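One-based numbering, in listed order, for ligands and for the atoms of each. Given the structure is predicted, the values throughout are model-derived calculations rather than measurements. What's counted below: heavy atoms across the whole structure, side chains too, no hydrogens, waters or symmetry copies.
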Amino acid sequence: MAKTASYSCSNCGAAHSKWSGRCDDCGAWNTISEDVPLSAGPSAKGLGAARGRGIELSDLAADEAERPRSRSGLDEFDRVLGGGLVPASAVLVGGDPGIGKSTLLLQAAAAFAKAGLTSVYVSGEEATNQVRMRARRLGLENAPVKLAAETNLRNILTTLEKEAPDVAIIDSIQTMWLDTVESAPGSVSQVRAAAHELTTFAKRRGIAVILVGHVTKEGQIAGPRVVEHMVDTVLYFEGERGHQFRILRAVKNRFGPADEIGVFEMTGQGLAQVANPSALFLSDQEAQLPGSAVFAGIEGTRPVLCEFQALVSPAPAGQARRSVVGWDGGRLAMILAVLESRCGIPFAGLDVYLNVAGGLRISEPAADLAVAAALLSAREDAALPRRTVVFGEISLSGSVRPVGQTETRLKEAEKLGFEAAIVPERSKLGRNAGIRVQKMPDLAALVGNIFGAG
Ligand code: TYD
Ligand code: MG
């Protein structure tokens, strides 16, 4: 064993000189464990011992042709990657167990193979037979994907080096182990070492590597946070239990926009792409109900309409609840406070429930106005005008601020048969918007205009 042990936090990666139950840096509990050195390389001896060799420096303006991205033809997948898989890159796909990561990546492997790339799928969790059965269920049994069931990373790297495929899928990073690391597979040091080996291998050999990672109950990739920093792209595959919709979301992408989403539906024959997510996230617009407001949002590079649903009901004495699904709880508290202090509409003593329909998660501040409209509509028990979308950011003063991509939002709404839009007053509008626009300077105007209250 090492003489001077060092410890690190699996959550934030902070180094500690001794073990403790709680990390001082990030405050997480039970995340500190002893580091086992990767190998007896120069870093283990300290830098002073040997001089490094000189490295060659090159110009920023080198004339190197950009290698084209590899498209799988699975459009929702390609878009989230930023327009296809970048050669020699490392991608991490995280998600809860059972959400469909293996299914997605087997389909992606087959799609890459059909697009003329060589793809290898290594499963550390299932036997090749199980993977074949799944492929049959997906109707992909004839796709030229190379298959292996293996967890020993040394064997895997040797094989990949020989095969030199375009794409290698490792399912999952938590099952991989290196014989140079003295802890059990799935432990922090194993996961970190395996991810490091695989990402450097991707760069060195020019092979795109896709890693599957399980997510803990707290919603983080099980294993060290540093794995997310090592890879070029981090995608999360998410969805509500009981919903068949799955959303693939880019949370980090060195080669494309983050926050891009791809939408899938889990069917009996695997994941089907949903080309028009807006239609999916909306309920019947003919029956406009109190508490519902349609938000014209932007997810990544694409407009997505979705429905905010609010319910306001009298709370049992003294303990009003605020419950949010699909949006930020802090942001909801802010809007309730602005409604109360700027418009004189109190929510004290009332339970407030807010939900984004269809299992979507919204993070844009542009949704503020739609949330306010849904809350007001629920509180007054009065439905908003039919076929109307809402967007705009609300400031603490109660004014409504313009948001980006107004035209794109309006066009998507028009395409889906919406006739009117409630937008911030200073929105930049094009000339030929075929949708009736109602401009709001502030929240009080929304209250007065829509509900005739004050
Ligand atoms: P899986 O890809 O094994 O999830 P993960 O790798 O993220 O753990 O998906 C498992 C679930 O998906 C399982 O509950 C069954 C369901 N499923 C379908 O509904 N249809 C299908 O065609 C397949 C292959 C799986
Ligand atoms: Mg799996």
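Between the side chains of T118 and E163, not a single donor N or O lies within less than 3.5 Å of an accepting N or O. A side-chain donor-acceptor contact under 3.5 Å links H214 and E125. Of the N and O atoms on the side chains of T175 and T151, not one donor lies less than 3.5 Å from an acceptor on the other residue. Between T103 and R134, the side chains place a donor N or O and an acceptor N or O closer than 3.5 Å (distance only, hydrogens not considered).
Under 2.8 Å from the Mg ion (ligand 2) lies no N/O/S atom of T103, from backbone or side chain alike.
Closest to atom 23 (C) of ligand 1, if we only count protein heavy atoms, is R137 CZ, 3.8 Å. The single protein non-hydrogen atom nearest to atom 22 (O) of ligand 1 is G270 N, 2.7 Å, given as residue, atom name and distance. Nearest protein heavy-atom contact of atom 24 (C) of ligand 1 is T103 OG1, 3.7 Å. For atom 4 (O) of ligand 1, the closest non-hydrogen atom on the protein side is G100 N, 3.1 Å.
For atom 18 (C) of ligand 1, the nearest protein heavy atom lies closer than 4.0 Å. Less than 4.0 angstrom separates atom 10 (C) of ligand 1 from at least one non-hydrogen atom of the protein.
Residue contacts with ligand 1, taken as heavy atom pairs separated by less than 4.0 Å, involve T267 solely via the backbone atoms N, CA, C and O. Looking at S102 against ligand 1, both its backbone and its side chain come within 4.0 Å, counting heavy atoms.
Every atom of ligand 1 is numbered from 1 in the order shown, and the set under 4.0 Å from a heavy atom of Q269 is 22 (O). Annotation for ligand 1: atoms under 4.0 Å from non-hydrogen atoms of P97 are 8 (O). When each atom of ligand 1 is checked for a heavy atom of R134 under 4.0 Å away, the hits are 1 (P), 2 (O), 3 (O), 24 (C). The atoms of ligand 1 that sit less than 4.0 Å from any heavy atom of D96 are 7 (O). Less than 4.0 angstrom separates some heavy atom of L138 from each of these atoms of ligand 1: 22 (O), 24 (C).
Residues S292 and Q288 approach most closely at O-NE2, 3.0 Å, considering heavy atoms.
For ligand 1, one of its N or O atoms has an N or O atom of G98 under 3.5 Å away. For ligand 1, none of its N or O atoms has an N or O atom of L104 under 3.5 Å away. Inclusion of M266 in the set of residues having an N or O under 3.5 Å from an N or O of ligand 1 is not warranted.
At least one donor-acceptor pair under 3.5 Å links the side chain of W19 to the backbone N or O of I32. Under the 3.5 Å distance criterion, the side-chain polar atoms of E260 are left unmatched by any main-chain donor or acceptor of A250.
In this structure, G95 falls outside the shell of residues with a heavy atom less than 4.0 angstrom from ligand 1.
The existence of a salt bridge linking D78 and R71 is confirmed by a sub-4.0 Å separation between a basic side-chain nitrogen and an acidic carboxylate oxygen. Using a 4.0 Å cut-off between a side-chain N of Lys or Arg and a carboxylate O of Asp or Glu, E364 and R409 qualify as a salt bridge. Look at E412 and R302 and you find no salt bridge, because none of the NZ, NE, NH1 or NH2 atoms lies under 4.0 Å from a carboxylate O. Look at K101 and D171 and you find no salt bridge, because none of the NZ, NE, NH1 or NH2 atoms lies under 4.0 Å from a carboxylate O.
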